[in-house]
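Bear in mind that the values here come from a model prediction, so they are computed numbers and not experimental data. Lettering of chains follows the sequences in order, A, B, ..., and the numbering in each one begins at 1.
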2 protein chains.
Amino acid sequence: MSATLKDIAATTGLSVTQVSRALNDHDDVSAETKARVRDAARALDYRPNLSARRLASGRSGIVGLVLPPEGRTPRDSMVVQMVRGLSAEFSRMGRLFVLHAAEPEEDVVAVHGRLIDGGSLDGFVLIEPVPDDPRIAYLRSRGVPLVLHGRTEDRPNYPFFDLDNREVGRRLTRMLLERGHRRIGFVNGLPEMCYVMRRSEGWQEALREAGVAPAPELQEFGAMSESHGALATLRMMSESGPRPTGLIAGNMLIAKGIYGALSMLGLRVPEDVSVVVHDDQLPGEDLMAMPATSGTRSPLAESWAPLARALIGAIENRPLAELQETGQFEVVERGSVAAPGPEFRTASEPFRA
Amino acid sequence: MSATLKDIAATTGLSVTQVSRALNDHDDVSAETKARVRDAARALDYRPNLSARRLASGRSGIVGLVLPPEGRTPRDSMVVQMVRGLSAEFSRMGRLFVLHAAEPEEDVVAVHGRLIDGGSLDGFVLIEPVPDDPRIAYLRSRGVPLVLHGRTEDRPNYPFFDLDNREVGRRLTRMLLERGHRRIGFVNGLPEMCYVMRRSEGWQEALREAGVAPAPELQEFGAMSESHGALATLRMMSESGPRPTGLIAGNMLIAKGIYGALSMLGLRVPEDVSVVVHDDQLPGEDLMAMPATSGTRSPLAESWAPLARALIGAIENRPLAELQETGQFEVVERGSVAAPGPEFRTASEPFRA
DNA sequence: TTGCCAATCCGAAACGCTTCGGGCAAGCCT
DNA sequence: AGGCTTGCCCGAAGCGTTTCGGATTGGCAA
C-alpha cells in the first residue's frame, strides 16, 4: 500500500494535521516546514487517497462531462476531438475526467445529480447549451461549479468559453455587403442553439447597418448537416422573388451542402453566387477536400483547453472575470466572394431545379 | 444531503451494521429484515456514498480506459460507440468511468501507473491488444484487475471478451471453398493485431482441410481501411499466376475498397469474383449503402456491456471462468458468393489495370 | 439440566483525510 | 509589566461505510 499522511507525520515528527495543511499549502505552516513535508512526501512516494479526501472534504478532484444522448450530440469526430482535448488538459492538471454517456431515456439533469452525490464530482463541463438550460439552474442550485462551452446570454454570471458569435455573424455578412451584395441568405443551424441565434442577430445587425432589411425567408434554420445546407439552398434559390446573390454557411458541412446544391443548379461560385462560411475546422476526411471558401475561422479544437482551465478555476473559487473567455476568430479571404452579377441585382423569375 | 445508513438504521430500529449488511445482501440477515431495510432505503431515497464505501473497502469504484493516442486508434465513430457502451454499462453498475486520452508522446503504460496511484482506479479496460502487450504485464504486476477486448493468446489467464476469430477465418474461407473456390485471397488487417493473426490461421486451416496449400501472396496485411482493401485487391488481381476467384475482407471498410477496385477492373460480384466479409457493423453512414455481402457478422456494439461486466467481475474477485466470454457471430448469405467461373479455374495471364 | 449450534443481531474499530477549536511562544504595543 | 497580535503547531472529532469479533436468542441433542 501507498504511504499515508501518518507515515509522513512519523518521519517528519509533525502531526498529521500539520502535514495535511502543509501539503495543501495552507498559510499557517512555515515555508521551511512545507518544504520538509514535501520532501518527505516525495521520498515516501506519497499519493493522497482520493476517497478519503473526498469523504472528509467533499471535494474529489474529479470533473465530469455528460454526453447528451445519441442524436442530440455533435458528429462523432467532434466528440472524439472534444473528449481528447478535455481529457488531456484535465489530466495535465491532475484531475480525473469522468465521462457519462447519457442514454436516450435518461434525464440529463438527473444524471448530473446522481454523479454529484454518488461520486461527488467537483464540477462539470456543459456542452451544447440551450436558452435557459436546465442543467445550469440545477448545478447552481446545488452549488456545483460548471463551465459552459458557449453561453446562454450575452453577459452570463457563470464561467464559459465562447466565440463572439454575434460578431461572427456580422463579419460574415459584411464580407458580402462590402462586395455589393444586398440579398444575403443565411443557412444557419438549429434555432434552439444559443450561438445560432447570436449569429442570426449579427446578420440582421450588419444588414440594417447597411440599410438592408433582413428578409426572414433568407434565413434557414436546421441541423448543421450537409443535407440541410443543400435543401435550404435549393429552397432559397427556387423561391419566387429575388434570389440571394450571397450565402452564409453556418459551418463547413452546410457549406458542402450549399456547394452541392449550387452545382446541381448549374450555378458557379463565386461568379454566380458568393459563399462565405464559419469554419470551426471540424475534423473529418469528408471535409478535407472542400472548395476554398472565404469566411471566419476559429478552430473548435482550441476551445477545450481553456474550457478545462476555466472549470478548474471555478472549482478553486477564482473570480468570475478570469473564468470567462471569448475566443478569437480570424477572417480569411479565399476567393469564394465576388461582386454580384448584374442579372442578380434585380428580381428574376423563380428558378426551378 | 442525501440519507445515510444512520438514517435508515434510525427509522428501522436496527443498527448501522445490520443495515449495511442487509443492503449488501449478506447472509446473516433475515429475509424479512432485508426487505424492511430495502423499503426504508427506497423511501428515504438512500444513495450510498461511494467515497465512504471506497475508503472503508479499499476500492475506489472507478474504472478507466486509456485511449491510445491519435492514429493508433480505431475510427472515431467506433470510439464514440465504445465510449458510449462502456460508460452506460459502468454507470448502470454504479461505477465511475474515467477516460484518459493518451497523447502521442505519452507512455501508455506509465499513464496507467499514474492513474492507479493518483486516482486509485479499480481496474482497466484494455483495447487493441498486441501480442505480449506490456499493459497486461504491468497491470498484473501491480495487481490491478483488467479486461481485454480481444486476447493475446488462445487460452489466456486474464478476463476478456473476444470472438473466436480463428473460427471466423475458417468459416469465411469455407463459405468460398464450399462453392468450389480454391484460390481464396484474404485482405486482412494489421499483422500486429492479435485477432488478425487468429483469422489468418483460420484461413490457413480451412484451406489445408480442403487440401489447398495457403499461398502467402494471397494474403495482404494492412490497415482496416478502404484504401488498403482497394490496393490489396489490385495487387492480387494483377499478379502473374492464377488470380483469386474469391476474396475475404477483414471488415466492411476493406470490403468497400475491394468493391471499388473490382469495379475499376470491370469485374462483377459474384459472377467474376466472390466476396465474403466479416462485418462488425461499424457505425458510419459511408458503410450504410454497401452492396449486400455474405459472410460472418458480429456487432461490435454488443461487446461493450459484457466487457464492462467482466471487469467488474474481476474487481469483485469472481472466478476467471465467468470472466472470459467468447462472443457469437452469425453466418449470413447475401448473394455475393457464386461458383467460380471456368476461366478462373486455371491460370490465366496476368491482369493489368 | 447443560451444552452447543445456527440464526440474527450489534458495538466499535477501522479506512485516510480535513478541519475546528484551541495552545504556546515570541514579539509588539501601551 | 500586562495584554495583544502573529506565527506556528496540535488533538480530536468527524465524514459514511465495511467488517471483525462478539452477544443474544431459541431450539435441540446429550
Side-chain angles (χ1 to χ4, degrees), chain A residues 1-38 40-41 44-62 94 116-120 122 315-317, chain B residues 1-38 40-41 44-62 94-96 116-120 122 315-317:
Chain A
M1 276 292 104
S2 195
T4 73
L5 281 193
K6 211 194 294 185
D7 300 323
I8 303 186
T11 72
T12 56
L14 291 166
S15 71
V16 170
T17 304
Q18 209 57 356
V19 171
S20 166
R21 300 178 71 79
L23 288 175
N24 291 337
D25 208 29
H26 280 247
D27 46 5
D28 65 347
V29 181
S30 71
E32 188 250 329
T33 303
K34 280 183 189 170
R36 227 174 69 229
V37 168
R38 259 193 288 266
L44 292 175
D45 191 36
Y46 167 75
R47 319 232 166 236
N49 178 315
L50 286 194
S51 299
R53 188 200 293 264
R54 220 175 326 184
L55 181 56
S57 70
R59 291 246 173 77
S60 66
I62 311 180
I116 293 169
D117 42 40
S120 84
D122 281 351
I315 291 170
E316 290 173 350
N317 273 316
Chain B
M1 275 292 104
S2 194
T4 73
L5 281 191
K6 212 194 294 185
D7 300 322
I8 303 185
T11 72
T12 55
L14 291 166
S15 71
V16 170
T17 305
Q18 209 59 355
V19 172
S20 167
R21 300 179 70 81
L23 288 175
N24 292 338
D25 208 30
H26 281 245
D27 47 4
D28 65 347
V29 181
S30 70
E32 189 250 329
T33 302
K34 280 184 190 171
R36 227 173 70 227
V37 168
R38 259 194 288 267
L44 293 175
D45 190 35
Y46 167 76
R47 308 192 174 280
N49 179 315
L50 294 188
S51 302
R53 187 196 296 249
R54 283 162 203 154
L55 179 56
S57 67
R59 303 223 188 85
S60 72
I62 311 180
R95 301 312 222 267
L96 287 182
I116 293 169
D117 37 41
S120 72
D122 281 350
I315 290 170
E316 290 174 349
N317 274 315

Asks: According to a strict under-4.0 Å criterion, is B:Thr17 in side-chain N/O contact with OP1 or OP2 of C:dC10?
Replies: no

Asks: Using a cut-off of strictly less than 4.0 Å, decide whether B:Gln18 has a side-chain nitrogen or oxygen near OP1 or OP2 of C:dC9.
Replies: yes

Asks: Looking at B:Asp28 and C:dC9, is any side-chain donor or acceptor paired with a base atom of the opposite kind under 3.5 Å?
Replies: yes

Asks: Does some side-chain heavy atom of B:Val29 sit less than 4.5 Å from a side-chain heavy atom of B:Val37?
Replies: no

Asks: At what distance, to the nearest 0.5 angstrom, does NZ of B:Lys34 lie from CG of B:Leu23?
Replies: 10.5 Å

Asks: Just how far, in rounded Å, is C1' of C:dA7 from CD of B:Glu32?
Replies: 14 Å

Asks: Side chain of B:Ser57: nearest nucleotide among D:dT18, C:dT19, D:dC8?
Replies: D:dT18

Asks: Judged by each residue's nearest nucleotide on DNA chain C, which is more toward the 5′ side, A:Ser20 or B:Ala52?
Replies: B:Ala52

Asks: Quickly work out the A:Leu55 CG to D:dG14 P distance and round it to whole Å.
Replies: 14 Å

Asks: Mind calculating the distance between CG (A:Leu23) and P (C:dT19) to the nearest angstrom?
Replies: 13 Å

Asks: Consider only side-chain N and O atoms of A:Ser20 and A:Thr17, and report whether a donor and an acceptor are under 3.5 Å apart.
Replies: no

Asks: Taking only N and O in the side chain of B:Arg53, is any of them less than 4.0 Å away from OP1 or OP2 of D:dT18?
Replies: yes

Asks: Give a yes/no on whether any side-chain N or O of B:Asn49 is located under 4.0 angstrom from OP1 or OP2 of D:dC15.
Replies: no

Asks: So do the side chains of B:Arg21 and B:Val19 get within less than 4.5 Å of each other, counting heavy atoms only?
Replies: no

Asks: Rounded off to whole Å, could you give me the CG-to-C1' distance for the A:Leu50 and C:dC15 pair?
Replies: 14 Å

Asks: May I ask you to verify if any side-chain N or O of A:Thr33 is less than 4.0 angstrom from the OP1 or OP2 atom of D:dC9?
Replies: yes

Asks: Could you state the interatomic distance from CG (B:Leu50) to CG (A:Leu55), rounded to the nearest 0.5 Å?
Replies: 11.0 Å

Asks: Grab the CD1-C1' distance between B:Ile8 and D:dT17 for me, whole Å please.
Replies: 12 Å

Asks: C:dC17, D:dT18, D:dG11: which one has an atom nearest the side-chain heavy atoms of B:Leu5?
Replies: D:dT18

Asks: Just how far, in rounded Å, is P of D:dT6 from CG of A:Asp27?
Replies: 13 Å

Asks: Hey, which of these two, A:Ala31 or A:Val16, hits DNA chain D nearer its 5' end, going by closest nucleotide?
Replies: A:Ala31

Asks: Tell me: NZ of B:Lys6 to C1' of C:dC10, nearest whole Å?
Replies: 16 Å

Asks: If you look at every strand shown and take non-hydrogen atoms under 4.0 Å, does B:Gly13 touch a base, only sugar-phosphate, or nothing?
Replies: sugar-phosphate

Asks: Between the side chain of A:Arg36 and the main-chain N/O of A:Thr12, is any donor-acceptor distance below 3.5 Å?
Replies: yes

Asks: Which part of the nucleic acid does A:Asn24 contact within heavy-atom distance under 4.0 Å: base, sugar-phosphate only, or nothing?
Replies: sugar-phosphate

Asks: Send over the distance from A:Arg54 CZ to D:dG14 P, rounded to a whole Å.
Replies: 23 Å

Asks: On DNA chain C, compare the nucleotides closest to A:Arg21 and B:Arg36; which residue's is nearer the 5' end?
Replies: B:Arg36

